[in-house]
2 protein chains.
Amino acid sequence: MVRKSASGRIGIADVAVKAGVSHATVSRVMNGNFTVDPEIAARVRAAAVELKYQPNPVGRSLALGKTDTIGIVVPDLANPTFQAILRGLSRAAAQDGYRVLIADSFEVSSEETILAGEARRRCDGLVLCAPRMSDAELEEIAPSLRPLVLINRTTAAAGVPSLVVDYGQGVQDIAEHLVDLGHTRLAFLAGPPRSASNNLRLQGLEAFKAAHPQVEVTMLEGGSDFDAGHGAVDAVLESGATGILAFNDLVAMGLMSGLHERGLDVPGDISVTGFDDIPFAKYTTPTLTTAAVPITELGEQAWHQLRALIRNEESDAPGSRYQPKLEVRASTGPAKAARTAVHG
Amino acid sequence: MVRKSASGRIGIADVAVKAGVSHATVSRVMNGNFTVDPEIAARVRAAAVELKYQPNPVGRSLALGKTDTIGIVVPDLANPTFQAILRGLSRAAAQDGYRVLIADSFEVSSEETILAGEARRRCDGLVLCAPRMSDAELEEIAPSLRPLVLINRTTAAAGVPSLVVDYGQGVQDIAEHLVDLGHTRLAFLAGPPRSASNNLRLQGLEAFKAAHPQVEVTMLEGGSDFDAGHGAVDAVLESGATGILAFNDLVAMGLMSGLHERGLDVPGDISVTGFDDIPFAKYTTPTLTTAAVPITELGEQAWHQLRALIRNEESDAPGSRYQPKLEVRASTGPAKAARTAVHG
DNA sequence: GCAGCCTGAGAAAACGCTTTCTGAGGCAAG
DNA sequence: CTTGCCTCAGAAAGCGTTTTCTCAGGCTGC
């Protein structure tokens with residue numbers, strides 16, 4: 001007959017009774033408060049062990065006003081990029097005793113807002129990956145979500161650090177690489193139209209076009225997954241481009257798969273590049289030239305920024321910018337001589 | 001001057017004051033209790049909207065004794081299998097208004113126990129993927145974790161459903177497939193030694209060997225990731241086997257990559273199979289023959305089982321067994337010797 | 001016209017913890 | 001020997017909700 005409380009679970013009261021002390025004393029002992037007589041403390045600890053007492057985190061959270069939990073909102077848990085961010089975040093947070101609550105918005109921007117609010121209320125802080133949300137809405141809700149760290153978005157709201165990957169620069173590096181290989185007709189297989197990171201890529205391409213007026217860059221509609229790439233084969237071939245910049249590695253892999261089915265050689269006939277350098281990029285055939293983003297590290301940094309905010313420390317870095325690193329592998333090669341010959 | 005409580009956040013008390021009613025009435029209105037005068041209810045709602053009042057979930061959880069959150073413990077968030085389970089679970093739970101708290105044990109079995117307990121206390125139920133935990137320990141802690149759903153483990157504890165993939169049958173199906181192709185020397189590139197699912201595969205192989213005494217099956221040490229496969233090339237070649245059953249798709253991909261580097265042809269020289277049918281398996285070169293596990297669906301089912309437990313419904317199915325489905329693709333082909341013999 | 005019922009709202013208890021406040025007892029100093 | 005400080009444990013007040021309990025007032029029914 002151990003249990004006293006009706007809930008069935010043993011609580012602080014049970015331990016107090018068993019040890020013959022007050023609730024307060026049990027709490028003090030459990031929290032390592034040393035203003036308790038060692039002998040009594042030992043008795044309490046013994047009782048706690050015997051009853052297998054474990055403090056109820058909900059009660060604790062209510063009293064302390066903190067949950068030791070952070071939330072993360074991602075647009076798609078199936079996307080390797082967000083999986084990696086989640087992984088880095090979770091690992092880093094766990095190191096400091098924090099847990100992660102996930103919220104998947106399934107690419108629905110209206111969900112992003114609601115989920116962010118709900119998640120935030122249950123947690124001590126929030127990491128927000130909301131590529132679809134409008135700037136206006138982000139601006140609107142950001143203050144109420146603090147402590148908040150943004151991924152690949154920025155906001156004017158004070159005290160909201162952003163971790164952004166410089167997709168614009170990355171895409172320029174890739175384009176330069178293709179030009180160096182002799183390609184003069186490029187095509188960009190775009191991501192989701194309203195995606196923030198897609199816009200950054202487009203800006204990068206504009207800069208690239210300004211710097212290389214002689215290079216033709218065709219814009220093609222795409223998406224963010226295998227199927228988008230696989231389904232874009234026709235459009236790619238029609239464009240006549242010999243160097244294809246896919247929105248990300250997934251799209252690139254889908255495209256390569258489709259090109260392979262058509263009997264085309266990569267990079268012999270067409271060079272293909274990805275973005276992100278997901279783990280699988282090293283193992284495709286041919287291995288994929290891409291721009292590596294230290295994405296797990298980004299998740300880790302997100303935690304460090306959030307931790308500083310939670311602890312009310314002055315964040316030394318109000319945000320960070322990550323430079324993708326060009327990874328040249330086997331999916332890119334010299335432009336086909338025949339095509340250039342036809343040109344003349 | 002809206003805020004009254006010291007915490008800064010507006011609470012039920014602020015709304016009560018603003019609407020000129022008691023806390024109780026506000027609570028009733030917020031929870032759709034209809035024993036409130038419509039006019040008063042409207043006034044409360046107006047006040048709530050104006051103050052942007054959102055109930056504090058922690059206080060709510062304490063009062064209600066539920067958190068609307070479930071936990072999942074996974075051994076490795078980098079593993080596509082667990083990512084898929086998480087995805088399926090999260091999606092299904094979200095549909096019912098539940099959130100998911102994740103705990104990554106990083107393959108450390110002692111962590112599994114602690115994390116499971118901690119996660120469970122914060123949640124209304126738990127999904128446990130703990131392949132490394134000993135049976136004894138699982139047996140010990142399972143009762144205290146209920147409502148609990150196990151993945152790929154079973155326990156004698158009552159009311160703890162298990163969702164298990166029949167890895168044994170799957171591995172037999174794959175082996176049969178290779179034998180049908182004329183392979184007589186097989187090798188199994190094993191997973192982590194203490195992994196429960198690896199043991200199931202080994203049992204399946206024993207059954208297979210008993211049924212096919214003429215087939216030689218070599219056991220090789222492996223692991224569960226790319227590198228394990230990539231690093232096993234030498235051992236695979238030494239074994240002289242022509243049909244390799246890799247622990248999972250990742251290992252298979254690593255192995256194929258290594259074989260490719262050695263100038264060997266898959267499936268011309270050696271046939272390679274995976275397990276799981278992760279999304280990338282369709283896009284490797286050659287595409288990977290594997291055993292498909294409906295893993296996202298498994299995560300979804302985990303939620304349904306857990307939901308039944310939480311709601312105290314009689315779970316019609318105390319657990320389920322999933323049969324992998326052989327997916328024959330291009331990484332397996334006729335055994336070299338057999339082909340030569342036929343031609344000669 | 002009054003007893004009793006019903007409706008509906010406020011007071012207060014409960015959830016499980018932390019922490020401040022209070023006060024009893026021991027001890028040192030005057 | 002008394003005053004006052006200090007130590008340490010218990011009482012009680014939060015934390016923000018929900019829910020039971022209580023009770024006032026308006027009805028119905030006789």
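Letters A, B, ... are given to chains in the order of the sequence lines, protein chains preceding strands, and every chain is numbered from 1. Below, all heavy atoms of this structure are taken into account, side chains as well, without hydrogens, waters or symmetry copies.
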Sugar-phosphate, base or nothing in reach of A:V58, heavy atoms under 4.0 Å: nothing

Touch class at under 4.0 angstrom, heavy-atom based, for A:Y53 against every strand present: sugar-phosphate

For atom CZ of A:R121 and atom C1' of D:dT17, their distance in whole Å: 14 Å

Touch class at under 4.0 angstrom, heavy-atom based, for A:V21 against every strand present: sugar-phosphate

Whole-Å gap separating C1' (C:dC6) and CZ (B:F34): 20 Å

5' precedence on DNA chain C between B:G59 and B:A24 (nearest-nucleotide basis): B:A24

Length of the CZ-P vector between A:R9 and C:dC17, whole Å: 7 Å

Atom-to-atom span, CG of A:L62 to P of C:dC17 - whole angstrom: 12 Å

Atom-pair distance (NE2 on B:H23; C1' on C:dA11), nearest Å: 10 Å

Rounded interatomic separation in angstrom, taking CZ from A:R28 and P from D:dG10: 8 Å

4.5 Å side-chain heavy-atom contact, B:S197 and B:V165: no

Sugar-phosphate only, base, or nothing, as touched by B:T25 at under 4.0 Å among non-hydrogen atoms: sugar-phosphate

side-chain N/O A:T35 vs D:dC8 OP1/OP2, d < 4.0 Å: no

Distance in angstrom units between B:I12 CD1 and C:dG10 P, rounded: 12 Å

Terminal axis angle for the helix from C:dG1-D:dC30 to C:dG30-D:dC1, five pairs an end, nearest 10 degrees: 60°

Length of the CZ-C1' vector between B:R60 and D:dC15, whole Å: 17 Å

Heavy-atom side-chain contact between A:R146 and A:V160 under 4.5 Å: yes

Side-chain heavy atoms of A:T69 within contact of B:R122, under 4.5 Å: yes

Close side-chain approach of A:L86 to A:V100, heavy-atom, < 4.5 Å: yes

